[in-house]
Amino acid sequence: MNQPDAIRQDLKKYADAEKAAFLPKFFQAFPGGYGEGDQFIGVAVPNQRKVARKYCKSVSLNDLDMLIRDPVHECRLTAIFILVLKYEKARSEAEREKIVSIYLNNLSSINNWDLVDSSAYKILGPYLFEKERSLLYRMAGSGKLWQERIAVITTMHFIRNNDYNDTLTLAEMMLDHEHDLIHKAVGWMLREIGNRDFDIEYEFIKRHYQEMPRTMLRYAIEKFNPGLRKNILAGKF
């Protein structure tokens with residue numbers, strides 16, 4: 001049995017019918033939802049991570065290139081978990097570039113928020129940290145929801161290294177975005193900045209309060225003290 005099939009078989013051992021019925025609703029895989037058409041077998045994330053750790057050393061990058069295109073959501077997410085583990089353990093720039101190439105060549109399969117949030121800042125973040133970052137702006141301007149979210153979430157790695165400029169620039173680009181999944185992502189990243197430098201986040205919110213979607217604002221100020229949060233929501237600065 002080849003490695004992708006072995007991974008699929010191991011995941012099926014953890015499949016749960018009740019969970020498989022629930023997940024399409026949770027990830028909006030219904031007609032008109034942002035995850036329309038996705039398939040689920042009902043495997044919990046801890047079990048997917050267990051399978052990922054089991055096969056991390058043995059599965060090849062070429063096999064992952066196939067598995068990440070699987071129609072089953074859990075297979076794709078498990079492939080992403082493995083890809084992240086391989087990136088973290090990579091010893092050469094050539095190996096890291098191969099992993100990033102697989103990631104970027106399969107953006108159409110990284111098509112829900114959990115797939116994005118489990119990978120963008122762990123693969124593209126460290127890869128781009130000391131490189132030119134125009135890729136993020138091309139993704140942010142692509143008009144494709146998941147690429148836009150990848151661009152925003154990638155900057156988590158920059159934030160954790162006290163580099164906020166791209167996050168703030170992308171946040172400004174997304175102020176008039178129509179989708180709440182982008183509002184939530186931007187608000188989350190602004191909150192991460194605020195956890196490290198309150199003044200930078202506060203000044204951004206003060207400057208853009210009138211333009212910010214309310215979901216973005218609420219996510220951004222979630223950890224503020226209740227009195228300050230109440231004032232900001234009322235437009236009192």
Side-chain angles (χ1 to χ4, degrees), residues 45 49 52-53 56 61 77 79-107 110 112-142 144-175 177 181-208 212 216-225:
V45 167
R49 291 192 181 277
R53 289 191 296 271
C56 178
L61 290 176
L77 184 55
I80 283 172
F81 287 153
I82 299 173
L83 209 59
V84 168
L85 290 171
K86 283 187 175 291
Y87 189 90
E88 291 171 349
K89 297 174 187 297
R91 296 182 178 180
S92 70
E93 185 67 7
E95 187 177 358
R96 285 188 284 271
E97 286 181 357
K98 173 67 172 174
I99 292 167
V100 170
S101 177
I102 289 171
Y103 189 80
L104 294 177
N105 287 338
N106 288 286
L107 290 176
I110 305 169
N112 216 308
W113 57 264
D114 60 329
L115 302 165
V116 171
D117 297 359
S118 299
S119 58
Y121 74 95
K122 295 183 177 182
I123 294 177
L124 288 186
Y127 181 74
L128 291 174
F129 185 59
E130 295 184 349
K131 293 183 176 66
E132 194 271 333
R133 301 174 185 176
S134 61
L135 170 65
L136 293 185
Y137 293 90
R138 292 197 299 273
M139 295 173 79
S142 68
K144 297 178 179 178
L145 175 64
W146 303 118
Q147 290 192 31
E148 293 165 343
R149 188 170 172 109
I150 286 170
V152 173
I153 301 299
T154 290
T155 69
M156 171 91 84
H157 181 82
F158 308 161
I159 294 168
R160 289 179 174 179
N161 287 275
N162 301 311
D163 179 351
Y164 311 136
N165 290 338
D166 290 292
T167 309
L168 296 170
T169 302
L170 290 171
E172 288 182 335
M173 287 175 61
M174 301 296 185
L175 286 172
H177 201 284
L181 283 175
I182 298 300
H183 304 165
K184 292 174 181 177
V186 171
W188 173 19
M189 292 304 103
L190 290 172
R191 186 171 73 237
E192 290 293 328
I193 290 175
N195 289 341
R196 293 158 178 81
D197 193 320
F198 172 84
D199 290 341
I200 289 177
E201 183 192 6
Y202 184 80
E203 284 305 312
F204 182 92
I205 292 170
K206 185 177 179 181
R207 186 164 66 252
H208 295 292
M212 287 180 76
M216 184 187 295
L217 178 63
R218 288 181 183 278
Y219 267 63
I221 66 175
E222 185 178 298
K223 298 296 177 65
F224 287 10
N225 72 63

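Since the model is a prediction, treat every value here as computed from it, not as a measurement.
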Next item on the list: Sort and list the pairs that fulfil side chain to side chain donor-acceptor pair (under 3.5 Å) and have at least one residue in residues 193-202, not counting sequence neighbours.
Entry: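 Sorted result for residues 193-202: E192-R196.
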With sequence neighbours excluded, what pairs up with [X] under the side chain to side chain donor-acceptor pair (under 3.5 Å) test?
X: T155; value: T167
X: Y121; value: none
X: E172; value: H208
X: R138; value: S134

If you look only at distance, which donor and acceptor atoms sit under 3.5 Å apart when one is on a side chain in residues 81-91 and the other is two or more places apart or in another chain?
unit_1, atom_1, unit_2, atom_2, d
K86, NZ, C56, O, 2.8
K86, NZ, V59, O, 3.0
Y87, OH, Y127, N, 3.3

Note to self: Quick one, T169 and Y137 - any side-chain contact, counting heavy atoms below 4.5 Å?
What the structure shows: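 Side chain of T169 against side chain of Y137, heavy atoms only: contact under 4.5 Å found.
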Quick one: list whatever passes side-chain contact (heavy atoms from CB on, under 4.5 Å) with [X], sequence neighbours left out.
X: A140; result: A151, L170, M173, M174
X: D117; result: W113, R149, I153, W188
X: S142; result: K144, Q147, E148

Next item on the list: Could you tell me which residues satisfy ring pair (Phe, Tyr, Trp, His ring centres under 6.0 Å) with H177, sequence neighbours excluded, listed by chain and number?
Entry: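 None.
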Margin query: Checking S118 against D114: is there a side-chain donor and acceptor pair closer than 3.5 Å?
Written below: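 The answer is no; no qualifying pair exists.
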Item checked: Pairs where residues 123-134 contributes a residue and the test salt bridge (charged side-chain N to carboxylate O under 4.0 Å, His left out) is met, not counting sequence neighbours ->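 Listed by first then second residue: E93-K131, R133-D163, R133-D166.
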Indicate every side-chain donor-acceptor pair of residues 216-225 with a distance under 3.5 Å to a residue at least two apart or in another chain.
unit_1, atom_1, unit_2, atom_2, d
N225, OD1, G227, N, 3.1
N225, OD1, L228, N, 2.8

